[in-house]
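In what follows, chains carry the letters A, B, and so on, assigned in the order in which the sequence lines appear, proteins first and then strands, with residues in each chain numbered from 1. Worth saying up front: this structure is predicted, and the values here are computed from it rather than measured.
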Protein chains: 2
Amino acid sequence: MTTKLRRQSKIKELVQKHQIASHEELLEYLAKEDIEITQATLSRDFAAMGIIKTITEKGMKYSVSADETGRDIVKIIGFEVLGIEHNESVVMIRTLAGRAQGVAHFIDRTHIPEIMGTLGGDDTVLIIPKSVKDIKKIVQQIGNYLTEDT
Amino acid sequence: MTTKLRRQSKIKELVQKHQIASHEELLEYLAKEDIEITQATLSRDFAAMGIIKTITEKGMKYSVSADETGRDIVKIIGFEVLGIEHNESVVMIRTLAGRAQGVAHFIDRTHIPEIMGTLGGDDTVLIIPKSVKDIKKIVQQIGNYLTEDT
DNA sequence: CATAATTATGCATTTATTTGCATATTATAT
DNA sequence: ATATAATATGCAAATAAATGCATAATTATG
């Protein structure tokens, strides 16, 4: 496991274990684990990992977003998706086994307006369009999400 | 999308679209798409992506393994897993939403002998041990899989 | 079994990514 | 509205990863 991956794993652990309200606080916890980075690097880690500010009864704290809005998710989806196809009525995304639900989750969060609903099976995501006229547009937009610069 | 990711995406597409029986053949298809790499790089891509030789009625061909045995999967699992916990009887892995099945799939393929079965929900993987005596061992082994050098 | 073809890998070089620095931008407190 | 604190980001330097070269290792073929 590389230094960065180890660091990010530790960040995830610390953020779940403690009520951390600032970058500075987390940098102190990391320093205790012999991980020395600057606030700038931590800021980028948060963005990559999808760590967000949330409000609890104790005040504000950082949390790993349940809906993984982190920037690195696109690379993961790219790895998981095998292909995108469609017929006259539906769009189908084929994925690696067991990974369709994660991909469906990602598609849901793109909020593509032409999509009526998604169904994730084991290795297939079914995308139901609001109108079959939008199928090409849906395929185009999904393709855009998957290829946008990282 | 970076050069490498784009290349790997194209590799996936070509391998599914054509009956490709050697690295050299695929390098020719890639060259047609203005992607020039050496056989050594392609070999590493195959390993990272989990592309394997399979036998079809037409002979041998390369395929994307449905069970993603590629080396890069460990980084993905690491990103998806939020934590591993256990009580006296079961091991539980918490994941990002929608990603438990993919993680369960990975756990299945580790073939850890002490595991009786796994159940992947939406964001939780339940691991049933063959004996509760093996719980610590299971947690240890899973941790090892997730931290081995990449 | 020998040879040819194909694939995998150690090492050095090249390329890409990560990181820190400094500061811009945004959020919070007064 | 202003000051302070906290976070995000452009750029250059540092570091890590990727890649090619050459060849070792493995597999396929005769």
Self-check item: Whether over 12 other heavy atoms sit under 6.0 Å from Lys130(A) NZ
Solution: yes
Would you please name every residue forming a side-chain contact (heavy atoms from CB on, under 4.5 Å) with [X], sequence neighbours left out?
X: Ile128(A); answer: Val90(A), Met116(A), Leu126(A)
X: Gln19(B); answer: Thr56(B), Lys58(B), Lys61(B)
X: Asp72(B); answer: Phe79(A), Ala48(B), Lys75(B)

Self-check item: Short side-chain N/O contact to dA8(D) OP1/OP2 from Ser43(A), under 4.0 Å
Solution: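 Checking dA8(D) against Ser43(A), a side-chain N or O does come within under 4.0 Å of OP1 or OP2.
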Quiz item: Any side-chain N or O of Tyr62(B) less than 4.0 Å from the OP1 or OP2 oxygen of dT6(C)?
Solution: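 The answer is no; no side-chain N or O of Tyr62(B) sits under 4.0 Å from OP1 or OP2.
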Nearest whole Å is fine: how far is [N] [atom2] from [X] [atom1]?
X: Arg44(A); N: dC11(D); atom1: CZ; atom2: P; value: 12 Å
X: Met60(B); N: dT26(D); atom1: CE; atom2: C1'; value: 13 Å
X: Leu42(B); N: dG20(D); atom1: CG; atom2: P; value: 10 Å

Quiz prompt | Nucleic acid contacts of residues 8-38 of chain B, taken as heavy-atom distances under 4.0 Å to DNA chain D | solution =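 DNA chain D contact set from residues 8-38 of chain B: Glu36(B), Ile37(B), Thr38(B).
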Self-check item: DNA chain D contacts made by residues 47-56 of chain B, counting heavy atoms under 4.0 Å
Solution: none
Quiz prompt | With Glu33(A), the salt bridge (charged side-chain N to carboxylate O under 4.0 Å, His left out) member among Arg6(A), Arg7(A), Lys10(A) | solution =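 Considering Arg6(A), Arg7(A), Lys10(A), a salt bridge (charged side-chain N to carboxylate O under 4.0 Å, His left out) with Glu33(A) is found only for Lys10(A).
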Quiz item: Between the side chains of Asp108(A) and Thr118(A), is a donor N or O closer than 3.5 angstrom to an acceptor N or O?
Solution: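 Asp108(A) vs Thr118(A): donor-acceptor pair found between side chains.
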Exercise. Would you state whether a donor and an acceptor, one from the side chain of Gln39(A) and one from the base of dA6(D), lie under 3.5 Å apart?
Key: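 Looking at the base of dA6(D), it does not pair with any donor or acceptor on the side chain of Gln39(A) (distance under 3.5 Å).
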Quiz item: Under a 4.5 Å side-chain heavy-atom rule over Ile, Leu, Val, Met, Phe, Trp and Tyr, are Ile52(B) and Phe46(B) clustered together?
Solution: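 Not linked; separate clusters.
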Identify all pairs in which a protein N or O lies below 3.5 Å from an N or O of nucleotides 14-18 of chain D, and state each distance.
residue: dA18(D); atom: OP1; partner: Lys4(B); partner atom: NZ; Å: 2.6

